[in-house]
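Structure record follows, encoded as structure tokens.
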Amino acid sequence: MSEPQHPQAEPEYKDRTYRSSGGIAGGVLLLALGGWLGIDAMIRGEGRTPWLALAGLLLAVPLVVAFTLRPAVYANDDRLRVRNPFRTITLPWASVSGLRSGYSNEVLTQSGTKYQLWAIPVSLRGRKKAARRRSQAMAAGDPSVGGPGLRASTRPGQPPSQRAAGDQVMDDLRDLSEQRAAAKSAQGEPEVRWGYEILAPAVAGVVLLAVILAVG
């Protein structure tokens with residue numbers, strides 16, 4: 001009689017996915033507008049217009065997708081995976097030396113390499129609103145606010161964080177990095193993969209456009 005198999009323990013954190021809703025909305029609108037104009041030119045255009053429209057779509061669509069729909073950040077117990085416009089970077093937590101927020105959000109590796117987190121944009125307007133909320137909470141004597149520049153409490157039952165949304169995400173990633181950096185499953189070296197599915201059609205569009213313009 002075979003022994004019962006015990007299910008493997010689930011990781012404490014499944015993949016958390018971070019994306020820019022504004023970027024996705026803008027990308028969908030651009031693709032819809034560009035597709036409508038490009039297809040119309042291909043159907044109704046004369047001479048070399050349909051070919052120019054085709055080349056333009058081959059070039060523009062991958063770039064729009066790359067900078068709006070593609071960027072994403074995935075985080076779990078073992079690693080941080082950053083999908084930027086043209087590259088996907090997989091970083092085991094042990095290889096991460098820090099996450100930095102300035103005019104852009106970035107992750108730094110132990111070797112000093114820096115990667116921008118395109119999917120987590122910085123909103124200066126959001127920071128101003130968060131600072132205003134924090135000041136108001138401090139003036140009201142809210143004990144969950146530690147002071148200017150400090151994180152508000154995010155414990156269950158406490159008021160919502162007084163941080164901008166992007167800054168709060170970076171705080172969460174820093175906490176996860178600190179907690180998991182020493183874990184055995186979080187060891188390893190960074191891996192970088194180029195997004196050839198984006199680069200190939202864009203290059204094809206450039207080549208086709210150059211050929212059409214050269215032929216005249």
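Worth saying up front: this structure is predicted, and the values here are computed from it rather than measured. Just the heavy atoms: all of them, side chains too, but no hydrogens, waters or symmetry mates, feed the values below.
- In this structure, CG in Leu176 is found 6.5 Å from CG in Asp77, a value given to the nearest 0.5 Å.
- Taking CE of Met42 as the start and CG of Leu52 as the end, the distance is 11.5 Å to the nearest 0.5 Å.
- Side-chain atoms of Arg81 do not come within 3.5 Å of backbone N or O of Thr88 as any donor-acceptor pair.
- Clustering of Ile, Leu, Val, Met, Phe, Trp and Tyr side chains at separations under 4.5 Å places Val215 together with Val203, Val207, Val211.
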### Task
Determine, stepwise, if the pair Tyr103 / Val122 fulfils side-chain contact (heavy atoms from CB on, under 4.5 Å).
CA-CA 6 Å; Tyr103 290 106; Val122 168; 5.8 Å; no
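- For residues 88-109, the salt bridge (charged side-chain N to carboxylate O under 4.0 Å, His left out) pairs, not counting sequence neighbours, are Arg100-Glu106, Glu106-Lys114.
- For the atom pair CD1 of Ile120 and OG of Ser101, the computed distance is 8.5 Å after rounding to the nearest 0.5 Å.
- The CG atom of Leu108 lies 9.0 Å from the OG1 atom of Thr113; values are rounded to the nearest 0.5 Å.
- Nearest heavy-atom pair across Ala53 and Ala41 is CB-CB, 3.7 Å.
- Without hydrogens or angle criteria, Gln187 side chain to Asp78 main chain gives no donor-acceptor distance under 3.5 Å.
- Between the CE atom of Met170 and the CG atom of Asp167 there is a distance of 8.0 Å, given to the nearest 0.5 Å.
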N/O donor to acceptor pairs below 3.5 angstrom from side-chain atoms of residues 17-33, sequence neighbours left out:
| unit_1 | atom_1 | unit_2 | atom_2 | d |
| --- | --- | --- | --- | --- |
| Arg19 | NH2 | Leu69 | O | 2.1 |
| Ser20 | OG | Gly23 | N | 3.1 |

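- Scored by the side-chain contact (heavy atoms from CB on, under 4.5 Å) test, Ala183 finds Arg180, Ser185, Ala186 as partners (sequence neighbours excluded).
- Following chains of ILVMFWY side-chain contacts shorter than 4.5 Å, one can reach Leu213 starting from Leu58, so the two form part of one hydrophobic cluster.
- Between the side chain of Ser95 and the main chain of Leu91, no donor-acceptor pair closer than 3.5 Å is present.
- We find the CG-CD1 distance between Leu57 and Ile39 to be 7.0 Å, quoted to the nearest 0.5 Å.
- There is no path of hydrophobic side-chain contacts, each under 4.5 Å, that joins Val82 to Ile198.
- Cluster annotation: Val73 is connected to Val192 through the hydrophobic network of ILVMFWY side chains, with a link wherever side-chain heavy atoms come within less than 4.5 Å.
- Residue pairs meeting the ring pair (Phe, Tyr, Trp, His ring centres under 6.0 Å) criterion with at least one partner in residues 37-70, sequence neighbours excluded, are Phe67-Phe86, Phe67-Trp118.
- Looking only at side-chain heavy atoms (C-beta outward), Leu99 and Leu117 come within less than 4.5 Å of each other.
- When hydrophobic clusters are built by joining Ile, Leu, Val, Met, Phe, Trp and Tyr residues whose side-chain heavy atoms come closer than 4.5 Å, directly or via intermediates, Val65 is grouped together with Trp194.
- The hydrophobic clustering, which links ILVMFWY residues whose side-chain heavy atoms are closer than 4.5 Å, places Trp36 and Val64 apart.
- Counting only residues at least two apart or on different chains, the salt bridge (charged side-chain N to carboxylate O under 4.0 Å, His left out) pairs with a member in residues 44-69 are Asp40-Arg44.
- Ion pairing of Arg79 with Asp15 is present here, as a side-chain N (NZ or NE/NH1/NH2) and a carboxylate O approach within less than 4.0 Å.
- Checking side-chain atoms of Arg70 against main-chain N and O of Asn84 turns up a donor-acceptor pair under 3.5 Å.
- Of all the heavy atoms in Ala181 and Ala94, the pair that sits closest is O-CB, 3.5 Å.
- Closest heavy-atom contact between Gly166 and Asn105: O-ND2, 4.5 Å.
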